[in-house]
A.B. asks: 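There's a structure below that I have some questions on.
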Amino acid sequence: MTTRLGRAMVFGLGAAALLAGCGTSEAPIASPLPAESVGPGRTVSPAVNQTRIELVRALGTHNLVLTDTQAPVRPAEAALLAAAPRAVYQVTLPKDPTHGYIVVYEFPDPARAAAAAAQQQAYLATGPARVQTPLGTVSIIRQVGLTVVFYDWLPEGSPDDSTPGIQAALETLGVGFPVAS
C-alpha cells in the first residue's frame with residue numbers, strides 16, 4: 001500500500017509540474033513590439049517630431065486630425081522597418097475609430113531610410129506580405145528625411161468618408177515609393 005501511495009504521489013507531483021510548465025489561462029507576456037518604439041510613451045527624436053509636424057500640416061489640409069496612440073500597431077513590415085525605432089500615430093476617424101494608423105520609422109541617415117523604404121516596397125509585392133494584408137489593401141510609403149512613413153488601408157472596408165483624405169495628404173510628403181496593387 002505504501003509503495004502504491006508513493007508512486008501515486010510521485011505521479012501526481014510530476015503531472016502537476018508538467019501541467020504548470022505547459023501554460024496558463026493568461027496571455028503570453030512576450031510582446032512583438034519593443035516598448036521603446038510604441039506610441040508617445042517615449043520621447044521621440046527631433047527627426048520623428050519634425051515628421052509628425054509635417055503629418056499634422058498635410059493632414060490638416062484635408063481637415064484631418066492626427067493624435068498620439070498607445071495601440072501596439074504592427075503592419076506587414078520588411079526586416080529593416082521591423083528592426084527600426086517607430087512612433088505610432090492615428091488619424092481621428094469618427095466612423096472608423098479602429099483604423100487610421102500611421103507608423104513613422106526612424107533611421108540614422110537618409111540613405112538607410114531610402115533603403116528601408118525600397119525594401120518595404122519590394123516586400124509588399126511578395127507572398128508573405130500579401131498573406132498579411134487583405135486583398136485590395138492600399139499601402140503608402142513615404143521617405144521624409146531620416147524617417148519612413150507607412151500607412152495602409154482597405155478602400156472597400158472603410159466606413160468613414162474622410163479616410164481617402166489620409167492617402168491624399170500623405171502623398172504630398174517627402175519622396176514616394178509606390179506599391180503595385
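Everything quoted here is computed from the prediction, not taken from an experiment.
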A.B. asks: What distance separates Leu170 CG from Leu64 CG, expressed to the nearest 0.5 Å?
C.D. replies: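 Output value for this atom pair is 9.5 Å.
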A.B. asks: Using side chain to side chain contact (heavy atoms under 4.5 Å, CB included), reason through Val104 and Arg86 one step at a time and then give a plain yes or no.
C.D. replies: CA-CA 5 Å; Val104 178; Arg86 72 188 42 84; over 6 Å; no
A.B. asks: If every non-hydrogen atom of Arg57 is compared with every non-hydrogen atom of Leu173, which pair is closest and at what distance?
C.D. replies: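 It is NH2-CD2, 3.8 Å.
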A.B. asks: Are Pro164 and Trp153 side-chain neighbours, meaning at least one heavy-atom pair lies under 4.5 Å?
C.D. replies: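 Result yes, sub-4.5 Å side-chain heavy-atom pair found.
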A.B. asks: To the nearest 0.5 Å, what is the distance between CZ on Phe150 and OH on Tyr105?
C.D. replies: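 Between atom CZ of Phe150 and atom OH of Tyr105 there are 6.5 Å.
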A.B. asks: To the nearest 0.5 Å, how far apart are CG in Leu154 and CG in Leu135?
C.D. replies: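 Between Leu154 CG and Leu135 CG, I get 8.5 Å after rounding to 0.5 Å.
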A.B. asks: Side chains of Tyr89 and Arg52: does their closest heavy-atom pair fall under 4.5 Å?
C.D. replies: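 They are in side-chain contact.
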A.B. asks: So, for Ala76 and Ala129, which heavy atoms are closest and what is the spacing to 0.1 Å?
C.D. replies: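 So the minimum-distance heavy-atom pair works out to CB-O, 4.5 Å.
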A.B. asks: Under 3.5 Å, is there a donor-acceptor pair between the side chain of Gln90 and the main chain of Pro97?
C.D. replies: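 Present.
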A.B. asks: Show, in sequence, the C-alpha distance, side-chain angles and deciding distance for Ile140 and Glu171, and conclude whether the side chain to side chain contact (heavy atoms under 4.5 Å, CB included) test is met.
C.D. replies: CA-CA 8 Å; Ile140 309 299; Glu171 289 176 343; 3.7 Å; yes
A.B. asks: With rounding to the nearest 0.5 angstrom, report the NE2 to CG distance, His99 to Leu93.
C.D. replies: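 If we round to the nearest 0.5 Å, His99:NE2 and Leu93:CG are 9.5 Å apart.
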A.B. asks: Might you point out which heavy atoms bring Asp152 and Ser139 nearest each other, and give the distance in Å?
C.D. replies: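 Nearest heavy atoms, Asp152 then Ser139: CB-OG, 3.7 Å.
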A.B. asks: Whether the side chain of Thr126 engages the backbone of Ala122 through a donor-acceptor N/O pair (distance < 3.5 Å, no angle test) should be reported.
C.D. replies: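 Between the backbone of Ala122 and the side chain of Thr126 there is no qualifying donor-acceptor contact (under 3.5 Å).
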A.B. asks: Assess whether atom NE2 of His62 is packed by more than 12 heavy atoms of other residues, nucleotides or ligands within 6.0 Å.
C.D. replies: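 Yes, the 6.0 Å shell around NE2 holds more than 12 heavy atoms from other groups.
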A.B. asks: Linking I/L/V/M/F/W/Y whenever any side-chain heavy atoms sit under 4.5 Å apart, do Val175 and Val103 land together?
C.D. replies: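 Same cluster: Val175 reaches Val103 through Ile, Leu, Val, Met, Phe, Trp or Tyr contacts under 4.5 Å.
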A.B. asks: Go through Tyr101 and Val88 one step at a time and tell me if the side chain to side chain contact (heavy atoms under 4.5 Å, CB included) criterion holds.
C.D. replies: CA-CA 7 Å; Tyr101 294 104; Val88 181; 4.1 Å; yes
A.B. asks: Give a yes or no on whether the backbone of Pro155 and the side-chain of Ser158 come within a donor-acceptor separation of less than 3.5 Å.
C.D. replies: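 Judged by distance alone, no pair lies under 3.5 Å.
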A.B. asks: State which residues pass side chain to side chain donor-acceptor pair (under 3.5 Å) with Tyr123; sequence neighbours excluded, sorted by chain then number.
C.D. replies: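 Applying side chain to side chain donor-acceptor pair (under 3.5 Å) to Tyr123 gives Gln132.
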A.B. asks: Considering all heavy atoms of both residues, which atom of Gln119 and which atom of Ala78 are nearest to each other, and what is their separation?
C.D. replies: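 Shortest heavy-atom contact: OE1-CB, 3.5 Å.
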A.B. asks: Quick one: CD1 on Ile102 to OG1 on Thr69, what's the gap to the nearest 0.5 Å?
C.D. replies: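 Output value for this atom pair is 11.5 Å.
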A.B. asks: Please name the pair of heavy atoms, one in Leu80 and one in Phe107, separated by the smallest distance, quoted to 0.1 Å.
C.D. replies: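 Smallest heavy-atom distance, with atoms named: O-CE2, 3.7 Å.
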A.B. asks: Do the side chain of Gln143 and the main chain of Pro110 share a donor and acceptor less than 3.5 angstrom apart?
C.D. replies: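 Checking the backbone N and O of Pro110 against the side chain of Gln143, a donor-acceptor pair under 3.5 Å is found.
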A.B. asks: Can a salt bridge be assigned to the pair Glu54 and Arg142 using a cut-off of 4.0 Å between side-chain N and carboxylate O?
C.D. replies: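 Salt bridge: no.
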A.B. asks: Evaluate Asp160 against Ser162 for side-chain hydrogen bond (donor to acceptor under 3.5 Å, both in side chains), listing each step before the verdict.
C.D. replies: CA-CA 5 Å; Asp160 199 298; Ser162 57; 2.5 Å; yes
A.B. asks: Looking at Gly100 and Ile166, what are the two nearest heavy atoms and their distance?
C.D. replies: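 Scanning both residues, the minimum pair turns out to be CA-CD1, 4.2 Å.
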A.B. asks: Spell out, as yes or no, whether a donor-acceptor pair under 3.5 Å connects the side chain of Gln121 to the backbone of Val179.
C.D. replies: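 Between the backbone of Val179 and the side chain of Gln121 there is no qualifying donor-acceptor contact (under 3.5 Å).
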A.B. asks: I'd like to check Leu59 versus Val65 (side-chain heavy atoms, cut-off strictly below 4.5 Å). Are they in contact?
C.D. replies: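 A side-chain contact under 4.5 Å is absent here.
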A.B. asks: Under 3.5 Å, is there a donor-acceptor pair between the side chain of Arg112 and the main chain of Leu146?
C.D. replies: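 Judged by distance alone, no pair lies under 3.5 Å.
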A.B. asks: What's the spacing between Thr51 OG1 and Glu106 CD if we round to 0.5 Å?
C.D. replies: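 It comes to 8.5 Å.
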A.B. asks: Is there a side chain to side chain contact (heavy atoms under 4.5 Å, CB included) between Leu124 and Ile141 once you walk through the steps?
C.D. replies: CA-CA 10 Å; Leu124 291 173; Ile141 306 169; 3.9 Å; yes
